[in-house]
Amino acid sequence: MKVLVVGDGGREHALAWKLLQSLRVQRCWCVPGNGGTALLERCENIPLAVEDIDGIAQVAFKNQIDLVIVGPEVPLSLGIGDLLQKKGIPVFGPTRLGAKIESSKSWAKTLMLEAGVPVAQGKTFTNATAAKAYINQQGTPIVVKADGLAAGKGVIVTQTIPEAYAAVDDLFKMGFFRILVEECLIGEEVSILAITDGITVRSLLPAQDHKRIGEGDIGLNTGGMGAYCPAPIATPDLLQRVDEEILKPTVAALRDRGIDYRGVLYAGLMVSPQGELKVLEYNCRFGDPETQAVLPLLETPLDQVILACVQQRLEELPPLRWHLGTAVCVVAVSAGYPGKYEKGKLITGIQEAEAMGVTVFQAGTALEGDRLVTDGGRVLGVTAIRQNLSEAIIEVYKGVNSIDFEGKYYRRDIGYRARSRKG
Ligand code: AMP
Ligand code: GLY
């Protein structure tokens, strides 16, 4: 089987790495890929932008690709799923309409409300005056969200009325036509990456991300600074509720709208201190860095799982098999991220880290000749799997510490919530 992975992050490195472990997968193409996928055996990078969906479809067609897996949301929201389907190329990832579950928060919210899925209360606005009047009425804390893809910069959790007003003005200035204002939910977040063939839906193991740049979850939002899996907050009872109250009704609602959704349905959930569940948002793709913690634990060959979705026979797939233990992924970023940062810094120590029994997934890296250099904000993720969380944390940091590049920053507290839960 020949597979093509779209994207250039740690998530895509993890996808390609996992797919190539399957005996059935002969070759992998990554578009555009990164320094890590360039070095994988039987893997080749193709330098096209992820937005160039026509170009990607041509590459897939020309190379007679058997399966395309789309990592990021942007090509999905541009319709890469529709385009590949039209060309008869099997694709894992929803159509443009299905991707609206991520690309339009107001559309997603209406869908969830109609399906009876628990969400934060809120309203949609197309002008600042009305939004501000609503904010005044509701009081703070309150959350202001862009109704469109914003590369992680579209959600502002505000504590005061002036902050909330500024968030409204900023989003309209950024060019969004619609914004959402919603109640601020309190609790602990959990990421449920589920796979669906449009009829059946199955959760992968629950994970927890660490979105803020600073230790103790302070500072700016990032793409994600680390993750662990499984997340103990998601007890079997909670997962059952997620399945019945959230995932199944959502998939049914998508179907009712005539949307044939085959891909990942990623629910970002808030669990309140009382155990109440609400969806913060849906994503139409694998989460990053969650994927770097979830996939290494998957024992069932990934191509088998994905093909079952693409061929709409997920119901027949035997239960997924998982390795025992806990995976912890720590992301190392460039100094200044998520703001401005420099690129082109030499990266050393990856082989030494891997010799210690961790896996390194590269993200913002590039090969310049035989030098591996930084090429993005999130540079790489280091994942350790050990018998329990504490051991995995110790080992993952040994790995992170043996890798070096100028300006390297990482959070030292990945996994702290689960750790304190265990006492
Ligand atoms: P997103 O970038 O859309 O995944 O959302 C970023 C983050 O914003 C989420 O992971 C939450 O931490 C936070 N967030 C979004 N909606 C709410 C809400 N209603 N209440 C509290 N926090 C929220
Ligand atoms: N880990 C957050 C995301 O993938 O959106």
Side-chain angles (χ1 to χ4, degrees), residues 7 9-12 14-15 70-74 76-77 99 101-106 108-109 112 118-124 135 138 140-159 164 167 171 176 179-194 204 206-214 217-229 231 264-273 276-295 329-331 333 338 361 363 377-378 381 411 414 417:
R11 164 183 56 203
E12 287 77 16
L15 282 164
V70 186
E73 62 280 15
V74 170
L76 291 167
S77 72
I101 202 151
E102 176 166 1
S103 68
S104 170
K105 290 190 192 295
S106 61
K109 199 149 202 164
M112 286 189 269
V119 287
Q121 272 182 26
K123 272 185 121 167
T124 304
I135 287 169
Q138 298 294 312
T140 53
I142 200 153
V143 181
V144 182
K145 296 183 171 186
D147 189 27
L149 295 181
K153 297 191 174 72
V155 177
I156 308 135
V157 180
T158 67
Q159 303 298 334
L171 289 181
F176 291 104
I179 63 164
L180 275 79
V181 179
E182 67 179 34
E183 71 173 310
C184 185
L185 299 176
I186 313 287
E188 193 172 330
E189 288 181 46
V190 59
S191 303
I192 305 292
L193 276 55
L204 305 182
Q208 190 171 66
D209 187 10
H210 299 63
K211 287 231 165 82
R212 305 296 190 97
I213 188 73
D217 293 322
I218 53 163
L220 293 174
N221 250 332
T222 70
M225 297 295 294
Y228 60 91
C229 174
V264 174
L265 191 57
Y266 156 176
L269 307 175
M270 185 72 91
V271 186
S272 80
E276 205 188 350
L277 266 176
K278 280 190 181 161
V279 179
L280 286 171
E281 49 233 324
Y282 267 124
N283 294 316
C284 62
R285 51 168 175 85
F286 284 104
D288 196 6
E290 291 94 325
T291 300
Q292 300 178 54
V294 175
L295 286 188
C329 169
V330 174
V331 177
V333 305
F361 296 117
R378 289 195 289 176
R411 277 180 60 167
I414 301 303
R417 286 181 193 270

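Atoms considered below: every heavy atom in the structure, side chains included; atoms not considered: hydrogens, waters and symmetry mates. Order of appearance sets the numbers: ligands from 1, and atoms from 1 within every ligand.
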Discussion item. I need the Ile179 CD1 to Thr124 OG1 distance, nearest 0.5 Å.
Written reply: 9.0 Å

Worksheet item: Considering distance alone, does some N or O of Arg11 sit under 3.5 Å from an N or O of ligand 2?
Response: no

Item to complete: Give the single entry among Leu149, Val155, Val144 that approaches atom 13 (C) of ligand 1 most closely by any heavy atom.
Response: Val155

Practice prompt. Count the heavy atoms of every other residue, nucleotide or ligand shown that sit under 6.0 Å from CD of Gln121, and state whether that count exceeds 12.
Written response: no

Item to complete: Check each atom of ligand 1 against the heavy atoms of Glu183 and keep those under 4.0 Å away; list them by number with element.
Response: 18 (C), 19 (N), 20 (N)

Worksheet entry | Any Gly268 heavy atom less than 4.0 Å to ligand 1 | no

Practice prompt. Decide salt bridge (charged side-chain N to carboxylate O under 4.0 Å, His left out) for Lys278 and Glu183; before the verdict, give the C-alpha distance in whole Å, the side-chain angles of both, and the deciding distance to 0.1 Å.
Written response: CA-CA 11 Å; Lys278 280 190 181 161; Glu183 71 173 310; 3.4 Å; yes

Item to complete: Using a 4.0 Å heavy-atom cut-off, say whether Arg212 meets ligand 1 through its side chain, its backbone, both or neither.
Response: neither

Discussion item. For the CD1 atom of Ile101 and the OH atom of Tyr266, what is their distance to the nearest 0.5 Å?
Written reply: 13.5 Å

Practice prompt. Report the part of Tyr266 (side chain from C-beta onward, or backbone N, CA, C, O) that has a heavy atom under 4.0 Å from ligand 2; answer both or neither where that applies.
Written response: side chain

Worksheet item: What atoms in ligand 2 come closer than 4.0 Å to a heavy atom of Lys211?
Response: 2 (C)

Item to complete: Could you list the atoms of ligand 1 found under 4.0 angstrom from a heavy atom of Glu281?
Response: 1 (P), 3 (O), 4 (O), 5 (O), 6 (C), 9 (C), 15 (C)

Worksheet entry | For Gly287, atoms of ligand 2 separated by under 4.0 Å from a heavy atom | 4 (O)

Practice prompt. Nearest 0.5 Å please: distance from the OG atom of Ser191 over to the NZ atom of Lys211.
Written response: 6.0 Å

Worksheet, complete the sentence: Numbered in order shown, the ligand 2 atoms found under 4.0 Å of a heavy atom of Arg285 are 3 (C), 4 (O), 5 (O)

Worksheet entry | From CG (Asp217) to CZ (Arg411), nearest 0.5 Å | 4.5 Å

Worksheet entry | Numbered atoms and elements of ligand 2 in range of Asn283, under 4.0 angstrom, heavy atoms | 5 (O)

Worksheet item: By number and element, which atoms of ligand 1 are closer than 4.0 Å to a non-hydrogen atom of Lys145?
Response: 15 (C), 16 (N)

Discussion item. I'd like to check which ligand 2 atoms, numbered from 1 as shown, lie under 4.0 Å from a non-hydrogen atom of Gly223.
Written reply: 1 (N), 2 (C)

Worksheet item: Which ligand 1 atoms does Glu189 reach within 4.0 Å, using its non-hydrogen atoms?
Response: 9 (C), 10 (O), 11 (C), 12 (O)

Practice prompt. Quick one: pull up CG in Asp209 and SG in Cys329 and give me the separation to the nearest 0.5 Å.
Written response: 9.0 Å

Worksheet item: Going by the order shown, which atoms of ligand 1 are within less than 4.0 Å of some heavy atom of Cys184?
Response: 20 (N), 21 (C)

Fill in: Closest protein heavy atom (residue, atom, distance) for atom 23 (C) of ligand 1
Leu280 CD2, 3.7 Å

Fill in: Numbered atoms and elements of ligand 2 in range of Asp209, under 4.0 angstrom, heavy atoms
1 (N), 2 (C)

Item to complete: Please confirm whether Leu185 comes within less than 3.5 Å of ligand 1 when only nitrogen or oxygen atoms on both sides are compared.
Response: yes

